[in-house]
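Below is one structure, written out as structure tokens; the observations come after it.
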Amino acid sequence: MKSLLIGLIILSSLWSVTLYADTTQADDIDTIEFKQLINSVQDNDNIAQTLEDVAEYVVENSNASEEDPFTVKMFSALFILISIFLLLMLVLPIVVGLNNLIRIRIGKLHAQTEAYYKPLIFEYLSQSDKNPPIPILNRRFHRVNKPLLSTILYELSLYVRGEDRRKLERLYQAYHLDRFLIKKISSPFVWFKSFYLKMFSVFEPTPGSIVVLERLAHHRNSQIRLYSIQAIIRLDPRRVIGLFYAYKYKLSLWEQINYHDFFVTNDIAVPNFHPLTLSKNDTVVMFALRMIRIFDQRQGTIKGYEWLLRHPNLSVQIEMFRSLAEFEYENMSELLSELVPRSNPYIRTHIITYLSRKNYATTELLMQYYRDNTDYDLRLHILYCIYNFIEGGKKDIIAFTNQTEDVQLQKLSCHLLNNVL
């Protein structure tokens, strides 16, 4: 640090000599004398003496004109800059040290408060009474640390259910944490807003906060939208249908998984997702079909939903087919058989696999699909289904290898036996 300071002083002095010296007198500067001064400065442990020596040399050799106001002002500015630098060199270590002391003090206080809160809360939860007395958390520290209390309750809420969860709700309401969190989510900083919204989503919000949450449900940040909608669902699960029906953002797989986990891990009534299949947002339709399948919201018939099998989005078609295959509606084989000729090749592959696995197909039916399609991969997949799922299919494939009428069928069957199976 001392070497850096001395180097800066010497460079500043050189600059001042060059900048302020009279042009006609600049050649009189004794370069050898200045080099000797630099060498002596490097061996000098006294910074104050170094400053004095360099300043004396600058004054003696610069010969700056006292009558030139510009030179005087520039020299004064240089002196001020050096003084400020020296002051910062002294003040910054003090500021950094004080900041570290404050952080350590805050950390210790936080740890003490947490160690005081947790035993009281655990004792409160362990009582057999359904409505035990609310623990007094401000007896030792005079006021409740609401950020810390919110964090503790949030972490506990992820693991407790039933009666313990209702006890946490009482504690949450007793210390008015909903008001505190509403103030916090009004922050302009996204990370701050998201952090407290995540806590806000695990407890039932007050009806007065629904306006704020519905506004944040359309926020451009996906995390803020997720936690806001989760909080709304906790208050009234039926509201999710209206929010998602008009959802203008792409509903990512990460969000869909989080919504699913939210319904599974919380005591919340699952809404009817069927209306969302009519949404103009393809990702919302996919989400609805997945939730219908996962929560077994099958209807007695698929009437009115057949158009989803011809949806412009291939992913929607796939999800619809998976739902149909999962629920095994009546006359599924006839419906799917009609879809094979006009479906996307990827969907067609899945339909043929489904028909084969469920014993809805025979070798004759699958060979009809084989002859109607010229795609090499699809034909190989049909032969694979015959071999693995159709009764007597292994003998049929072996027979195909011995026939000579259809050369490609013979080659595909041989390839299947030798390289695939």
Taking 4.0 angstrom as the limit, do D296 and R298 come out as a salt bridge?
yes
Using atom types as modelled and distance alone, determine if a side-chain donor or acceptor of N373 lies under 3.5 Å from a backbone N or O of Y369.
yes
Hey, are Q317 and R310 close enough side-chain-wise for a donor-acceptor pair under 3.5 Å?
no
Of all residues at least two apart in sequence or in a different chain, which pass the salt bridge (charged side-chain N to carboxylate O under 4.0 Å, His left out) check with R215?
none
Parallel, tilted or perpendicular: which fits the ring planes of H260 and F295, with parallel below 30° and perpendicular above 60°?
tilted
Side-chain contact test, heavy atoms from C-beta onward, threshold under 4.5 Å: evaluate it for L289 versus F273 and give yes or no.
no
Between the side chain of R225 and the main-chain N/O of A217, is any donor-acceptor distance below 3.5 Å?
no
Report yes if some heavy atom in the side chain of T353 is under 4.5 Å from a heavy atom in the side chain of C385; otherwise report no.
yes
Does any donor atom in the side chain of S228 or H218 lie under 3.5 Å from an acceptor atom in the other side chain?
no
Is a salt bridge present between E163 and K167, judged by a nitrogen-to-oxygen distance below 4.0 Å?
no
Can you tell me if R170 has over 12 outside heavy atoms packed within less than 6.0 Å of its CZ?
yes
So, R239 side chain and I232 main chain: donor-acceptor pair closer than 3.5 Å or not?
no
Donor-acceptor pair, D164 side chain versus V160 backbone, under 3.5 Å?
no
If you compare all heavy atoms of K193 against all heavy atoms of S186, which two are closest, and at what distance to 0.1 Å?
NZ-C, 3.9 Å
Main-chain N/O of Y387 paired with K394 side-chain donor or acceptor, under 3.5 Å:
no
Should L383 and L409 be marked as a side chain to side chain contact (heavy atoms under 4.5 Å, CB included) after you check the CA-CA gap, both sets of side-chain angles, and the distance that decides it?
CA-CA 9 Å; L383 295 177; L409 176 60; 3.8 Å; yes
Using ring pair (Phe, Tyr, Trp, His ring centres under 6.0 Å) as the criterion, list what pairs up with F244, not counting sequence neighbours.
Y247, Y259, F287
Scan the side chains in residues 177-184 for donor-acceptor partners under 3.5 Å anywhere in the protein, sequence neighbours excluded, and list what turns up.
none

Could you walk me through whether I352 and S356 satisfy the side chain to side chain contact (heavy atoms under 4.5 Å, CB included) test, starting with their C-alpha distance in whole Å, then the side-chain angles of each, then the deciding distance to 0.1 Å, before giving a yes or no?
CA-CA 6 Å; I352 290 171; S356 303; 4.2 Å; yes
Examine the side chains of E255 and S252 and answer whether a donor and an acceptor come within less than 3.5 Å of each other.
yes
Is K198 atom NZ crowded by more than 12 heavy atoms from other residues, nucleotides or ligands, each under 6.0 Å away?
no
Are any of the side-chain nitrogens in R322 or E319 under 4.0 Å away from the carboxylate oxygens of its partner?
yes
Do R220 and Y249 meet the cation-pi criteria used here (NZ or CZ under 6.0 Å from the six-membered ring centre, within 45° of the axis)?
no
Any side-chain heavy atom of Y196 sitting closer than 4.5 Å to one from P147?
yes
Test item: side-chain donor near acceptor, N281 and S279, under 3.5 Å:
no
Main-chain N/O of Q297 paired with H274 side-chain donor or acceptor, under 3.5 Å
yes
Heavy-atom check, side chain of L168 versus side chain of L125, under 4.5 Å
yes
Is Y117 reaching over with its side chain to a backbone N or O of N145, donor-acceptor style, under 3.5 angstrom?
yes
Whether the side chain of S194 engages the backbone of W191 through a donor-acceptor N/O pair (distance < 3.5 Å, no angle test) should be reported.
no
